[in-house]
Amino acid sequence: AWRLTFLSAGWEHLLGATAPDTLAEHDLERMLGCFDLASREQLWTTLRNNDGTLVEQVVRTEVPGSSPRWLHLRAAPRALADGAMAWDGLVLDVTERKEMELRLSEAKRVAEEANAAKSKFLAAASHDLRQPVHALGLFLELLGRSSLNADQQGMLAAARSAAQASANMLNTLLDFSRIEAGVIVPQRRPFALQPMLTKIESELAPQADARHLIFRVRETPVTVFSDP
């Protein structure tokens with residue numbers, strides 16, 4: 001039988017019953033009745049099957065007339081001279097920490113749901129969002145076929161560059177959103193890595209040269225299996 005031999009005065013603060021009253025019952029199983037069912041069953045299983053190691057568990061209390069508390073239990077077994085087993089342990093009130101963890105977990109869940117909804121919306125609306133950018137490119141192309149002086153040609157070139165940069169950023173954003181929403185299914189196949197490296201070099205080398213740096217890619221015959 002499981003019996004209690006000592007409880008500190010702080011026990012009343014945790015569970016409402018005084019230490020002397022709880023000890024008078026001499027019934028560990030009845031005392032553990034204030035824990036929720038899942039915590040109680042897990043704790044009993046751990047104690048009965050213990051192999052002499054330290055036991056740690058966070059449990060939730062259910063005391064009528066008071067708010068639920070979260071307790072961190074730590075106990076270590078100790079063999080007595082008569083062959084019996086004694087347990088020395090302590091109980092810490094971790095209610096505030098646990099409630100904060102639950103609030104953070106809920107906030108994380110809400111944020112993830114909001115992010116998923118955003119990604120689904122952008123994935124569904126990607127065609128409509130791209131249309132104005134495509135239209136802008138067409139208008140600029142038509143404008144370039146008209147009679148423009150040198151200053152106007154310079155302004156047109158700047159407008160084309162800005163429009164292309166905007167289109168690239170929008171396409172990247174929408175492609176990421178489609179990936180997050182699970183709309184894009186990877187089409188994996190073997191392909192040579194060198195063409196991709198050459199493209200990266202052609203895009204970054206001018207920026208490096210402008211800063212008096214040398215950016216070059218070493219040629220490679222490597223083939224990878226991925227989505228190009």
Side-chain angles (χ1 to χ4, degrees), residues 38 58 60 68 70 94-228:
V58 176
R60 183 177 182 272
W70 291 92
V94 294
T95 303
E96 185 175 348
R97 186 193 73 188
K98 188 66 177 181
E99 288 178 346
M100 181 177 293
E101 291 176 355
L102 294 175
R103 289 195 296 269
L104 289 174
S105 177
E106 176 63 14
K108 180 174 180 288
R109 182 190 65 80
V110 172
E112 288 176 344
E113 289 182 354
N115 185 62
K118 178 266 298 179
S119 297
K120 289 181 180 179
F121 167 77
L122 290 176
S126 62
H127 176 71
D128 295 333
L129 293 173
R130 283 187 171 101
Q131 278 188 331
V133 177
H134 291 165
L136 176 61
L138 293 176
F139 287 137
L140 291 175
E141 183 64 27
L142 291 174
L143 182 60
R145 297 179 182 181
S146 62
S147 299
L148 301 176
N149 59 37
D151 290 339
Q152 292 170 334
Q153 289 285 356
M155 287 187 288
L156 176 61
R160 281 175 169 169
S161 177
Q164 186 60 48
S166 298
N168 291 340
M169 287 189 291
L170 178 62
N171 289 336
T172 300
L173 171 64
L174 295 178
D175 287 344
F176 273 118
S177 298
R178 295 179 67 198
I179 292 173
E180 291 178 347
V183 175
I184 295 180
V185 179
Q187 302 295 325
R188 296 185 178 89
R189 62 178 177 82
F191 67 94
L193 193 60
Q194 185 56 46
M196 179 183 296
L197 297 178
T198 301
K199 181 180 179 181
I200 293 174
E201 180 180 1
S202 65
E203 293 177 352
L204 298 183
Q207 301 177 36
D209 292 340
R211 292 169 173 77
H212 306 290
L213 301 174
I214 298 177
F215 180 85
R216 298 292 182 268
V217 175
R218 180 177 297 178
E219 293 190 5
T220 175
V222 171
T223 298
V224 298
F225 183 77
S226 183
D227 186 338

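What's counted below: heavy atoms across the whole structure, side chains too, no hydrogens, waters or symmetry copies. Note that this is a predicted model, so its numbers are computed, not measured.
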Taking the side chain from S105 and the backbone from E101, do they hold a donor-acceptor pair closer than 3.5 Å? no

Consider only side-chain N and O atoms of Q194 and T198, and report whether a donor and an acceptor are under 3.5 Å apart. yes

If you compare all heavy atoms of P68 against all heavy atoms of T95, which two are closest, and at what distance to 0.1 Å? O-CG2, 4.2 Å

Over all atoms of both residues, closest heavy-atom pair of A163 and L136: CB-CD2, 3.8 Å

Set of residues satisfying salt bridge (Lys or Arg N to Asp or Glu O under 4.0 Å) with respect to E113, sequence neighbours excluded: R109

Other residues, nucleotides, ligands: >12 heavy atoms within 6.0 Å of L213 CG: yes

What distance do D209 atom CG and L204 atom CG have between them, rounded to the nearest 0.5 Å? 11.0 Å

Tell me whether Q131 at atom CD has more than 12 heavy atoms from other residues, nucleotides or ligands lying less than 6.0 Å away. yes

So, for E203 and Q207, which heavy atoms are closest and what is the spacing to 0.1 Å? O-NE2, 3.4 Å

Test your reading of the model: is there a side-chain donor-acceptor pair from T172 to the backbone of N168, 3.5 Å cut-off? yes

All salt bridge (Lys or Arg N to Asp or Glu O under 4.0 Å) counterparts of E141, not counting sequence neighbours: R145, R160

What one should report as the nearest heavy-atom pair of E201 and F215 is CA-CE2, 3.7 Å

Closest non-hydrogen atom pair between W70 and R60, with its separation: CZ2-CD, 3.5 Å

Yes or no on side chain to side chain contact (heavy atoms under 4.5 Å, CB included) for F191 and V224, after CA distance, side-chain angles and deciding distance? CA-CA 6 Å; F191 67 94; V224 298; 3.5 Å; yes

Checking side chain to side chain contact (heavy atoms under 4.5 Å, CB included) for the pair Q152/N149: CA distance, chi angles, key distance, verdict? CA-CA 5 Å; Q152 292 170 334; N149 59 37; 3.1 Å; yes

First locate atom CG of L156, then atom OG of S161, and finally report the distance between them rounded to the nearest 0.5 Å. 11.0 Å

Looking at residues at least two apart in the chain, or sitting in another chain, which of them share a side chain to side chain donor-acceptor pair (under 3.5 Å) with R130? N171, D175

Measure the CD-CG distance between E99 and L102 for me, rounded to the nearest 0.5 Å. 7.5 Å

